[in-house]
Number of protein chains: 2
Amino acid sequence: MATLSDVARKAVVSKMTVSRVINHPDKVSDELRNLVYAAMEELNYVPNFAARALVQNKTQVIKLLILEEMDTTEPYYMNLLSGIAIELDKHHYALQLVTRNSHTVGSCDGLIVTGMRGEDYEAIIDKLERPVVLFGQNTRGYDFVDVDNENGIRMATRHVIDLGFEKILFFGIDLNEPFMYTRVKGYKKTMCLHYLPEHLFFMKNSSHAAQEIMGRQLADNRERVAVVCASDRLALGVVRAAQSYGLRIPEDVAVTGFDGVFLDRICSPKLTTLRQPVIEMGQECARMLLKKIDLDGGRLGSHIFQPELIIRASTKRTN
Amino acid sequence: MATLSDVARKAVVSKMTVSRVINHPDKVSDELRNLVYAAMEELNYVPNFAARALVQNKTQVIKLLILEEMDTTEPYYMNLLSGIAIELDKHHYALQLVTRNSHTVGSCDGLIVTGMRGEDYEAIIDKLERPVVLFGQNTRGYDFVDVDNENGIRMATRHVIDLGFEKILFFGIDLNEPFMYTRVKGYKKTMCLHYLPEHLFFMKNSSHAAQEIMGRQLADNRERVAVVCASDRLALGVVRAAQSYGLRIPEDVAVTGFDGVFLDRICSPKLTTLRQPVIEMGQECARMLLKKIDLDGGRLGSHIFQPELIIRASTKRTN
DNA sequence: AGAATTTTTGTAAACGGTTCCAAAAAAAGA
DNA sequence: TCTTTTTTTGGAACCGTTTACAAAAATTCT
């Protein structure tokens with residue numbers, strides 16, 4: 001691989017002139033600039049990022065840590081990734097992916113972290129002494145980007161109440177997840193406000209689990225019911241269970257999901273869901289992080305996005 | 001950030017000793033080793049990857065270039081990413097993501113490339129003079145990992161022929177894609193072999209497009225028909241169209257998909273599909289690339305995976 | 001034209017590690 | 001005990017780029 005010195009030698013100029021042609025082309029005379037360009041072309045010169053990183057103490061690399069224990073091949077994460085990539089590309093930063101299998105985290109200019117639970121990773125991250133933005137969680141003194149989980153579920157619950165449902169179930173995932181806790185709160189508060197009894201069910205985030213639990217509910221009791229779900233996967237399971245019992249959606253069983261990333265449109269009937277603008281949220285993460293890097297640390301505040309209640313055939317027939 | 005020299009000073013040893021503690025701990029006496037560990041701990045020492053990369057001419061970074069024009073937030077790509085990450089983690093390599101928006105590709109030890117079309121990117125990649133493995137395409141003199149597209153579609157087509165279908169449509173995507181070309185070939189060869197007439201349709205890769213085109217077909221003619229689709233998305237559209245005409249699946253209309261990553265299990269009825277082992281393919285990509293890096297270039301041959309024909313309710317009722 | 005200013009180019013010293021080799025210390029052999 | 005060998009430690013140079021400053025050349029001003 002040709003180095004800057006090789007280019008300098010070929011163009012018969014100093015290393016500095018070559019460096020300047022790369023970084024401040026306008027500070028070099030036309031004549032030399034063209035000589036240098038020609039030499040670079042001829043030698044297939046590619047700048048060495050490590051050398052630059054070393055002297056500037058700037059890697060131009062942002063790491064995304066996806067640390068959740070659940071299935072990270074969900075479209076949700078690809079959207080996040082994509083949003084971050086879009087924004088980083090604009091600012092000439094590279095995106096590096098770190099999963100919970102990774103041995104080391106290593107050098108970078110900043111981190112976006114999602115699914116961090118427990119102190120271990122906090123220590124690792126703090127040690128790096130780099131700006132951090134959390135995604136989808138609110139921990140101690142970190143800046144973060146999240147969706148308003150509580151208000152989302154509140155909107156969904158109110159929506160089915162407005163449709164005249166009186167028995168309303170909540171299907172949730174592992175209660176230890178902080179985002180789950182706030183979703184439950186949204187349900188509880190709304191039910192309380194309308195003097196309605198709570199019916200909480202927790203399961204793992206799979207349509208099968210939801211289908212089975214909903215199946216058991218319907219076996220006991222076929223009264224008109226709405227199910228507010230903590231994810232589109234769960235909602236899909238509820239839909240399946242209702243269909244297998246020959247019940248009409250949304251007349252007999254109404255269902256709402258959460259995420260609005262992929263499943264909601266694929267499902268039939270299409271799901272009423274709380275759309276998280278995941279791509280935009282990813283972009284905002286990247287923007288915040290880059291700003292923190294520019295400002296050389298310091299808190300920046302956080303950004304909470306409102307989910308959008310998208311009303312579709314699983315709760316309301318539209319003609 | 002503390003440097004190696006800082007640690008050396010604090011432990012009252014030479015830089016070399018610290019470096020050795022990091023890279024060959026057994027070559028250092030217990031006494032000094034512990035002194036160094038203590039100093040590292042106290043100073044929060046994190047090694048500087050750029051410095052190491054510079055002197056070793058080794059970044060420990062692999063870049064994944066996802067260059068397709070289509071929607072790369074598909075679960076398919078996340079699975080690929082995941083497979084690659086799993087394998088790279090094992091060998092202490094970092095994974096960096098490059099999309100077609102990226103301004104530069106930059107230094108790395110090797111590249112995995114998918115969706116490269118045209119000469120522009122080839123030139124960029126060649127210039128880096130780094131080992132490359134292509135994913136899902138077979139171009140000139142590159143090593144690659146792919147799925148046997150032709151044989152896959154051949155299996156699907158034979159499957160519906162075996163089920164007694166005589167009118168068999170093929171729903172494909174943009175014919176310019178090389179993988180599409182071989183899929184069409186699989187259909188044509190099989191149809192030819194059984195003296196059956198070909199019915200080819202091309203559209204963009206969306207369920208809506210497939211639904212509309214299938215709808216038009218059914219409007220004209222309701223005879224028993226099988227549709228071999230080039231993706232699960234298209235298959236989903238076909239299913240929808242058939243359902244909207246009140247036709248029975250699989251008795252009146254049989255459908256096969258391709259990919260088997262996510263949609264096939266979500267769809268109702270579940271899809272018969274050609275499952276690509278995308279995660280394993282990603283792992284194989286990474287393994288091949290790392291081997292090429294170790295072997296310092298040179299061709300290594302390619303790896304073509306067989307897709308698995310998964311027979312489900314969209315073609316055959318199972319009880 | 002000659003001094004003052006601006007623009008263009010070059011030199012030397014980092015940046016934080018590792019490689020290569022030499023020196024010192026410890027262990028083994030005579 | 002004194003070499004010889006092995007193990008442990010350290011010194012200097014270097015990786016490819018940029019930063020900071022100095023020198024040279026070109027331009028402007030008086």
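Letters A, B, ... mirror the listed sequences (proteins, then strands); counts begin at 1. FYI, side chains are in, hydrogens and waters are out, and symmetry mates aren't considered; it's all heavy atoms of this structure.
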Would you mind classifying the nucleic acid contact of B:Asn57 as base, sugar-phosphate or nothing, using non-hydrogen atoms under 4.0 angstrom? nothing

Are any side-chain N or O atoms of B:Thr59 and backbone N or O atoms of B:Val61, one a donor and one an acceptor, separated by less than 3.5 Å? yes

Could you state the NZ-C1' distance from A:Lys58 to D:dT19, rounded to the nearest angstrom? 16 Å

Between C1' on C:dC15 and CE on B:Met1, what's the gap in Å once rounded to a whole number? 15 Å

Determine to 10° how strongly the helix from C:dA1-D:dT30 to C:dA30-D:dT1 is bent, judged from the axes of its five-pair ends. 40°

What's the spacing between A:Gln56 CD and A:Phe49 CZ if we round to 0.5 Å? 10.5 Å

D:dC15 P sits how many Å from A:Arg52 CZ, rounded? 19 Å

B:Ile22 CD1 to C:dT19 C1', in whole Å, measures 15 Å

Check the distance between D:dT9's P and B:Asp30's CG and give it to me in whole angstrom. 10 Å

Ignoring hydrogens and angles, tell me if any N or O in the side chain of A:Thr104 forms a donor-acceptor pair with the backbone of A:Gly106 under 3.5 Å. no

D:dC15 phosphate, OP1 or OP2: any side-chain N/O from A:Asn48 under 4.0 angstrom? no

Could you run down the sub-3.5 Å N/O contacts of the protein with nucleotides 7-12 of chain C?
| residue | atom | partner | partner atom | Å |
| --- | --- | --- | --- | --- |
| C:dT9 | OP1 | A:Ser29 | OG | 2.6 |
| C:dT9 | OP2 | A:Ser29 | N | 2.8 |
| C:dG10 | OP2 | A:Ser14 | N | 3.1 |
| C:dG10 | OP2 | A:Ser14 | OG | 3.1 |
| C:dG10 | OP2 | A:Thr17 | OG1 | 2.6 |
| C:dG10 | N7 | A:Arg20 | NH2 | 2.7 |
| C:dG10 | O6 | A:Arg20 | NH1 | 3.4 |

So, for A:Tyr142 and A:Ser302, which heavy atoms are closest and what is the spacing to 0.1 Å? O-OG, 4.3 Å

Do the side chains of B:Lys291 and B:Asp294 get close enough for a salt bridge, i.e. N-O under 4.0 angstrom? no

A:Leu4 CG - D:dC14 C1' separation (whole Å): 16 Å

Round to a whole Å and report the spacing from CG of A:Leu54 to C1' of C:dC15. 4 Å

Residues B:Arg275 and B:Asp259 bridged, charged N to O under 4.0 Å: no

Rounded to the nearest 0.5 Å, the OG atom of A:Ser231 sits from the CZ atom of A:Phe179 at a distance of 8.0 Å

From B:Ile66 CD1 over to B:Leu80 CG, what is the distance, rounded to the nearest 0.5 angstrom? 6.0 Å

Give the nucleotide from the list C:dT18, D:dT17, D:dT19 with an atom nearest to the side chain of A:Gln56. D:dT19

Rounding to an integer number of Å, can you tell me how far B:Leu43 CG sits from C:dG16 P? 14 Å

Closest to the A:Ser19 side chain: D:dG16, D:dT18, C:dG16? D:dT18

List the steps and the verdict of ring pair (Phe, Tyr, Trp, His ring centres under 6.0 Å) for A:Phe262 and B:Phe262. CA-CA 10 Å; A:Phe262 189 89; B:Phe262 189 89; 5.3 Å; yes

